[in-house]
Amino acid sequence: MTTLFALCDCNNFYASCERVFQPSLNGKPLVVLSNNDGCVIARSNEAKALGIQMGTPFFQIRDLVEIGDLHAFSSNYVLYGDMSHRVMQALGEFAPSIEVYSIDESFLDLTNLLGRDLNAYCWEIKRSVMQWTKIPISLGVAPTKALAKVANRLAKKSQKAKGVLVLTDPYHISEALKATKIEDVWGVGRQYTKLLRKHGVETAYDFTLRPDSWVKKHMAVVGLRLVKELRGESCLELDEIAPPKKGICTSRSFGERLTEYSQIEEATANYAAKCAKKLRKQRSCARVISVFIQTNHFSENDLQYSNSKTITLPVATNSDLELIHYASLCLKSIYRPGYRYKKTGVILTEIVPDHQIQYDLLDTVDRQKHASLMKSLDKLTSRYGRDIVKVATQGYDQSWQLKCERRSPCYTTRLSDLPIVCNER
DNA sequence: TCTGGGGTCCTAGGACCC
DNA sequence: TCTGGGGTCCTAGGACCC
């Protein structure tokens, strides 16, 4: 049975989102910065043409921004999340099933379109998504997911394709594989590139000529699956429903270096609350919590320290109160005075559905009460904005807060997400 | 002075059990 | 004294993704 997949990818997604609401920026170089305005994580084509690389530290391009040759935005994930949802909904109109692979990519199942004019169909998808959401996309179509990735990449690169490439003919497929360098293959990172190069594999095509036994030996089952996919044998299915997450993590670098325990505790408490909220969103609870702290390992002048602590809870929970409590216990055991801390994070694991919790006979927590408290809290925050109500440990100081001086407004979502000052106390 | 954050899957090796 | 083989679970670490 033959399969057919499309990989749809939003072009320069974050940059395109910023432009939707500021069309005057069309045709102008624009970048989006990471948290803390640290480095470049998205670029418009014009910014790429200026030679700005992914990951460039902001301070290296600040001059360009100041003289007006480049526009820079802090990242605005609320806006991007909402725009992503709109694009995925639009794409869903064109296929019986869709796998949302990341914030800006999805696979469509086009198997039932075999034999139709796929090129025309893809152009219709592209035009419609543009009309409905103002986000430009590229489409690659092929018999396997890995080949659809190859097609998508060439669709974007090629002047002739202009954003749509259908690869079904065996001759076209091998030409495409020859035109794809090994490091540009999905699933081949830095280490595998080095290894494959050493064995004379320069392109995706060379890779498909390697015997299965060799691939299995050097790249394990993941590599074997990949090489088969590139040869046209479908090994990766469409995963329509995202499974609940097995680990949930919230971590950030601070806006400035922190030395005081109380400040770091405040940040950690806020990250724990964020994790708790993510848990409740997917209706699960976590049994294990870890907290880590670290100094800035880039800095040669500072004393370096990093550590982490993990605690297994008596009963899995998704309550802010409990998770903040245990996060503080973890932090207390690893905090050492005398360092300039850069970053902390909270990681939750052993995640279970909230209706499958193993209770403890000696449990002293009133779980019903916690659950209804969290329900009210989620209601309040969704109506009045986040942090309208919080646990005292989360504090009001917030000297740890991110730097994001170039944030655009959340055009598409609740009024309460707009940066208005509300009465927290 | 400035350098992101959040995930997944797989494997190897040790502990432990029968 | 020697010394088997199969299974499971856990953990740390590596590799990759966007």
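Proteins get letters first, then strands, A, B, ... in listed order; numbering begins at 1 in each. The figures here come from the full heavy-atom set of this structure, side chains too, leaving out hydrogens, waters and symmetry mates.
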Considering every strand and a 4.0 Å limit on heavy-atom distances, what is the contact class for A:Arg62: base, sugar-phosphate, or nothing?
nothing
So A:Glu105, base contact, sugar-phosphate only, or nothing? Heavy-atom distance under 4.0 Å.
sugar-phosphate
Between C:dC18, B:dG4, B:dG5, spot the one nearest the side chain of A:Lys149, thanks.
C:dC18
Calculate, to the nearest 0.5 Å, the distance between atoms CG and CD1 belonging to A:Asn318 and A:Ile357 respectively.
7.0 Å
Measure CG/A:Leu226 against P/C:dA15 and give the value in whole Å, please.
16 Å
Of all the nucleotides listed (B:dC2, B:dG7, B:dG4), which has the minimum atom distance to the side chain of A:Ser34?
B:dG4
What's A:Ser253 touching, base or sugar-phosphate or nothing? Going by heavy atoms closer than 4.0 Å.
sugar-phosphate
Short side-chain N/O contact to B:dG6 OP1/OP2 from A:Arg252, under 4.0 Å:
yes
Residue met sooner reading DNA chain B from 5', once A:Pro244 and A:Ala220 are mapped to nucleotides:
A:Pro244
Taking the six-membered ring for Trp, are the ring centroids of A:Trp123 and A:Phe94 within less than 6.0 Å of each other?
no
Contact nearer the 5' end of DNA chain B, comparing A:Cys249 with A:Tyr14:
A:Tyr14
When rounded to whole Å, the CD to P distance for the pair A:Gln53 and B:dG4 reads 16 Å
Across the strands shown, which category fits A:Asp104 at heavy-atom distances under 4.0 angstrom: base, sugar-phosphate, nothing?
sugar-phosphate
Just to be sure I understand the rule, does A:Phe298 reach a base, reach only the sugar-phosphate, or reach nothing, if contact means heavy atoms closer than 4.0 Å?
base
Using whole Å, report how far CZ of A:Phe59 lies from P of B:dG4.
11 Å
Could you check which of B:dT8, C:dC18, B:dT3 has an atom nearest any side-chain atom of A:Ser102?
C:dC18
Choose from C:dC18, B:dC2, B:dG4 the nucleotide whose nearest atom is closest to any side-chain atom of A:Arg257.
B:dC2
Indicate, with a heavy-atom threshold strictly under 4.0 Å, whether A:Asn296 touches base, sugar-phosphate, or nothing.
sugar-phosphate
Could you tell me which nucleotide pairs with B:dC18 by Watson-Crick or G-U wobble geometry, both distances under 3.5 Å, or answer none if nothing does?
C:dG5
Determine the contact category for A:Ser75: base if any of its heavy atoms lies under 4.0 Å from a base atom, sugar-phosphate if only primed atoms, P, OP1 or OP2 are that close, otherwise nothing.
nothing
How far apart are the closest heavy atoms of A:Pro143 and A:Leu147, and which atoms are they?
CD-CD1, 4.2 Å
Check: A:Arg340 main-chain N/O paired with A:Thr259 side-chain donor or acceptor under 3.5 Å
no
Please find the pair of heavy atoms, one from A:Leu110 and one from A:Ala6, that lie closest to each other, and give the distance.
CD1-CB, 3.6 Å
When rounded to whole Å, the CH2 to P distance for the pair A:Trp186 and C:dC18 reads 8 Å
Return the nearest nucleotide to the side chain of A:Lys278; candidates are B:dC10, B:dG7, B:dG5.
B:dG7
Would you mind classifying the nucleic acid contact of A:Val185 as base, sugar-phosphate or nothing, using non-hydrogen atoms under 4.0 angstrom?
sugar-phosphate
The residue among A:Lys274, A:Lys277, A:Arg280, A:Gln394 that forms side chain to side chain donor-acceptor pair (under 3.5 Å) with A:Asp320 is A:Arg280
Side chain of A:Val221 (C-beta onward), nearest among C:dC16, B:dC10, B:dG6
B:dC10
Separation of A:Glu405 atom CD from B:dC2 atom C1', in whole Å?
12 Å
Just checking A:Ile103: base, sugar-phosphate only, or nothing, at a heavy-atom cut-off of under 4.0 Å?
nothing
Would you please confirm or rule out a distance under 4.0 Å between OP1 or OP2 of B:dG4 and any side-chain N or O of A:Lys343?
no
When the distance from NZ of A:Lys342 to C1' of B:dT1 is rounded to whole Å, what number comes out?
13 Å
Considering only the C1' atoms, how many Å lie between C:dG4 and B:dC17, rounded to the nearest integer?
14 Å
To the nearest Å, give me how far apart NZ (A:Lys246) and C1' (B:dG7) are.
11 Å
Roughly, in whole Å, what's the span from CD1 in A:Ile41 to P in C:dC18?
14 Å
Do we get A:Lys145 above A:Phe107's six-membered ring, with its NZ or CZ under 6.0 Å from the centre and within 45° of the axis?
yes
For B:dC9 and A:Arg225 - does any side-chain N or O of the residue sit under 4.0 Å from the phosphate oxygens OP1/OP2?
no
